[in-house]
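All values reported here derive from a predicted model rather than from experimental measurement. Note that ligands are numbered from 1 as they come in the structure, with each ligand's atoms numbered from 1 the same way. Heavy-atom basis, side chains included; hydrogens, waters and symmetry copies ignored.
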Amino acid sequence: VHMNGDFQYDIVMEMTFDGLERELHEFGLQGRRICIVTDSNVAALYLNEVEAVVSRCCRETSHFIFPAGEENKNLDTVRSLYEVLIKRQFDRYDVLLALGGGVVGDLCGFAAATYLRGISFIQVPTTLLSQVDSSIGGKTGVDFDAYKNMVGAFHMPKLVYTNISALKTLSPEQFSSGMGEVIKHGLIRDASYYHWLKDHASMIHARDLEHLKEMVKISNHIKREVVEKDPTEQGDRALLNLGHTLGHAIEKLADFRLLHGHCVGLGCIAAMAISIHRGLVQEEELTRLYELMRDFDMPVTVSGLSSHDIVSLTKNDKKMDSGAIRFILLEQIGKAYVDKTVTEAEMSKGLIPILA
Ligand code: NAD
Ligand code: ZN
């Protein structure tokens with residue numbers, strides 16, 4: 001899938017890393033130096049292969065590996081990366097390549113946005129979550145102390161190169177988590193996609209590459225469309241936050257027992273429940289959503305949390321958004337909207353189905 005226009009970068013999807021060579025040529029990145037930024041897990045799986053492909057067309061290839069895990073998506077790691085870049089005398093024409101999941105993409109993108117006031121970077125996403133969601137749209141950043149994504153920048157990659165077959169090595173939990181964002185895409189934008197997911201659940205679950213390719217393609221299209229209209233999140237981009245207001249609160253309280261996409265899934269259930277209470281969506285849709293999530297081994301309840309604590313935490317979102325939470329509700333399956341009138345009582349009621 002090649003795309004241009006305002007968005008200014010291409011999304012390329014293949015079943016191997018080999019095509020990177022051609023793409024780098026196409027972008028005139030060939031005489032440049034490239035530093036591949038990756039984490040310890042992905043380095044063990046794919047660094048040699050990617051480095052070999054990249055070194056065929058770049059002046060000089062190097063790498064920076066940091067220990068895998070969200071706890072390393074911070075300014076200390078960025079600092080070590082800056083040190084390496086300075087030591088290697090990276091200049092404005094050189095390029096960073098993010099090889100890995102959302103943690104690598106966010107951190108590498110942020111370093112690229114800030115080093116020498118911004119150098120080019122390329123996303124090579126390897127998790128489902130990063131392939132369908134985080135590599136698209138130009139949001140980069142790192143965590144600061146306990147605050148997720150507190151420091152960041154909008155910085156568009158020059159290229160997103162997705163190798164679908166890298167999903168084969170992803171753990172079942174990580175794959176299942178990525179499905180949370182996929183289901184979200186269907187819910188906010190595309191009812192037929194949502195139903196397609198249900199109809200092809202077993203092939204997707206088995207990670208049949210053709211099905212994964214189709215799925216990543218449609219999800220990319222949805223994310224791209226929403227972001228393209230609103231790159232800096234003044235309006236419609238907020239729709240991508242379906243399930244995230246309550247999901248983030250759950251993620252914090254569950255203290256990393258649950259993965260991000262799983263929390264988003266739980267948040268989607270709650271948002272749908274609120275939409276049902278408002279008479280927007282039919283009651284039986286909730287059962288369908290449960291079934292779909294179960295098809296992908298996603299949790300549909302969480303234990304040990306109180307709705308009071310979850311709702312209290314959403315007040316952080318509120319502060320950050322000058323007073324009113326921009327809650328995302330469903331007008332119908334495949335159509336989401338921003339609602340600033342959702343009350344705490346409604347949120348508590350919406351949480352009932354997921355609190356075990
Ligand atoms: P991640 O990057 O931590 O990857 C999950 C795990 O899978 C890691 O241990 C990683 O080493 C491993 N892994 C990666 N690719 C693999 C592969 N092909 N095979 C086997 N193992 C592999 O997590 P994630 O879920 O990809 O991303 C989560 C991050 O993304 C969060 O920090 C979140 O804030 C961020 N995010 C950013 C955006 C955005 O728009 N920028 C959107 C959503 C999420
Ligand atoms: Zn998310």
Side-chain angles (χ1 to χ4, degrees), residues 17 37-47 49-50 65-74 77 98-110 112-113 121 123-144 147-157 160 162-185 187-188 207 212 219-220 223-224 226-227 231-233 237-248 250-252 256 258-268 328:
F17 288 116
V37 177
T38 191
D39 73 23
S40 44
N41 295 335
V42 181
L45 290 163
Y46 300 115
L47 182 57
E49 192 183 341
V50 172
I65 304 171
F66 65 95
E70 179 76 29
E71 65 275 19
N72 299 307
K73 194 179 104 174
N74 58 38
T77 308
L99 173 67
V103 165
V104 170
D106 280 11
L107 181 134
C108 175
F110 179 70
F121 90 114
Q123 290 269 22
V124 184
T126 61
T127 62
L128 181 58
L129 184 137
S130 60
Q131 294 193 351
V132 296
D133 196 343
S134 66
S135 65
I136 318 275
K139 275 194 186 177
T140 74
V142 295
D143 305 333
F144 189 86
Y147 305 101
K148 272 206 77 177
N149 301 324
M150 187 49 81
V151 178
F154 286 102
H155 191 54
M156 293 288 179
V160 180
T162 295
N163 173 5
I164 300 287
S165 67
L167 297 178
K168 286 280 188 187
T169 54
L170 205 56
S171 71
E173 297 74 32
Q174 292 290 348
F175 186 83
S176 165
S177 166
M179 287 306 299
E181 305 283 6
V182 169
I183 290 172
K184 177 195 81 178
H185 288 145
L187 284 172
I188 63 173
R207 300 192 210 178
L212 293 182
S219 266
N220 279 187
K223 169 113 193 202
R224 199 188 71 200
V226 174
V227 170
T232 54
E233 194 159 340
R237 186 169 182 159
L239 299 181
L240 294 164
N241 290 338
L242 176 70
H244 280 68
T245 301
L246 293 167
H248 276 146
I250 293 166
E251 197 171 355
K252 265 199 186 151
F256 304 107
L258 288 170
L259 295 173
H260 175 75
H262 289 150
C263 297
V264 171
L266 294 168
C268 285
I328 314 304

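- Counted by atom type alone, Ser176 and His262 present one or more donor-acceptor pairs between their side chains at under 3.5 Å.
- Evaluation of the salt bridge (Lys or Arg N to Asp or Glu O under 4.0 Å) rule for Asp106 yields Lys73 as partners, not counting sequence neighbours.
- More than 12 heavy atoms of other residues, nucleotides or ligands sit less than 6.0 Å from atom CZ of Phe154.
- The side chain to side chain donor-acceptor pair (under 3.5 Å) test with His260 is passed by exactly one of His244, Glu70, Lys148, Gln174: His244.
- Nearest N/O/S atom of His260 with respect to the Zn ion (ligand 2) is recorded as NE2.
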*Given the rule in the side-chain contact (heavy atoms from CB on, under 4.5 Å) test, do Val160 and Asn220 qualify, once you have shown the distances and angles that lead to the verdict?*
CA-CA 11 Å; Val160 180; Asn220 279 187; 5.8 Å; no
Quick one: ligand 1 N/O to protein N/O pairs below 3.5 Å?
{"from": "ligand 1", "atom 1": "2 (O)", "to": "Gly102", "atom 2": "N", "distance (Å)": "3.1"}
{"from": "ligand 1", "atom 1": "2 (O)", "to": "Val103", "atom 2": "N", "distance (Å)": "3.0"}
{"from": "ligand 1", "atom 1": "9 (O)", "to": "Asn41", "atom 2": "ND2", "distance (Å)": "2.9"}
{"from": "ligand 1", "atom 1": "11 (O)", "to": "Asp39", "atom 2": "OD1", "distance (Å)": "3.1"}
{"from": "ligand 1", "atom 1": "11 (O)", "to": "Asp39", "atom 2": "OD2", "distance (Å)": "2.8"}
{"from": "ligand 1", "atom 1": "11 (O)", "to": "Asn41", "atom 2": "ND2", "distance (Å)": "3.0"}
{"from": "ligand 1", "atom 1": "15 (N)", "to": "Thr126", "atom 2": "OG1", "distance (Å)": "2.7"}
{"from": "ligand 1", "atom 1": "18 (N)", "to": "Thr126", "atom 2": "O", "distance (Å)": "3.1"}
{"from": "ligand 1", "atom 1": "18 (N)", "to": "Ala166", "atom 2": "O", "distance (Å)": "2.9"}
{"from": "ligand 1", "atom 1": "18 (N)", "to": "Thr169", "atom 2": "OG1", "distance (Å)": "3.4"}
{"from": "ligand 1", "atom 1": "19 (N)", "to": "Thr169", "atom 2": "O", "distance (Å)": "3.4"}
{"from": "ligand 1", "atom 1": "19 (N)", "to": "Thr169", "atom 2": "OG1", "distance (Å)": "2.7"}
{"from": "ligand 1", "atom 1": "26 (O)", "to": "Gly102", "atom 2": "N", "distance (Å)": "2.8"}
{"from": "ligand 1", "atom 1": "26 (O)", "to": "Thr127", "atom 2": "OG1", "distance (Å)": "2.6"}
{"from": "ligand 1", "atom 1": "27 (O)", "to": "Gly102", "atom 2": "N", "distance (Å)": "3.2"}
{"from": "ligand 1", "atom 1": "32 (O)", "to": "Glu70", "atom 2": "OE1", "distance (Å)": "2.5"}
{"from": "ligand 1", "atom 1": "32 (O)", "to": "Glu70", "atom 2": "OE2", "distance (Å)": "3.4"}
{"from": "ligand 1", "atom 1": "32 (O)", "to": "Lys73", "atom 2": "NZ", "distance (Å)": "2.8"}
{"from": "ligand 1", "atom 1": "34 (O)", "to": "Lys73", "atom 2": "NZ", "distance (Å)": "3.1"}
{"from": "ligand 1", "atom 1": "34 (O)", "to": "Lys148", "atom 2": "NZ", "distance (Å)": "3.2"}
{"from": "ligand 1", "atom 1": "34 (O)", "to": "Asn149", "atom 2": "ND2", "distance (Å)": "3.4"}
{"from": "ligand 1", "atom 1": "41 (N)", "to": "Asp106", "atom 2": "OD1", "distance (Å)": "2.9"}
{"from": "ligand 1", "atom 1": "41 (N)", "to": "Lys139", "atom 2": "O", "distance (Å)": "2.9"}

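- Put simply, the residue from His185, Glu181, Gln131 that forms a side chain to side chain donor-acceptor pair (under 3.5 Å) with Ser219 is His185.
- Distances from the Zn ion (ligand 2) to each N, O or S atom of His244 single out NE2 as the nearest.
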*Working for side-chain hydrogen bond (donor to acceptor under 3.5 Å, both in side chains), residues Thr169 and Tyr46*: CA-CA 10 Å; Thr169 54; Tyr46 300 115; 2.6 Å; yes
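- At least one N/O/S atom of Glu181, from backbone or side chain, sits under 2.8 Å from the Zn ion (ligand 2).
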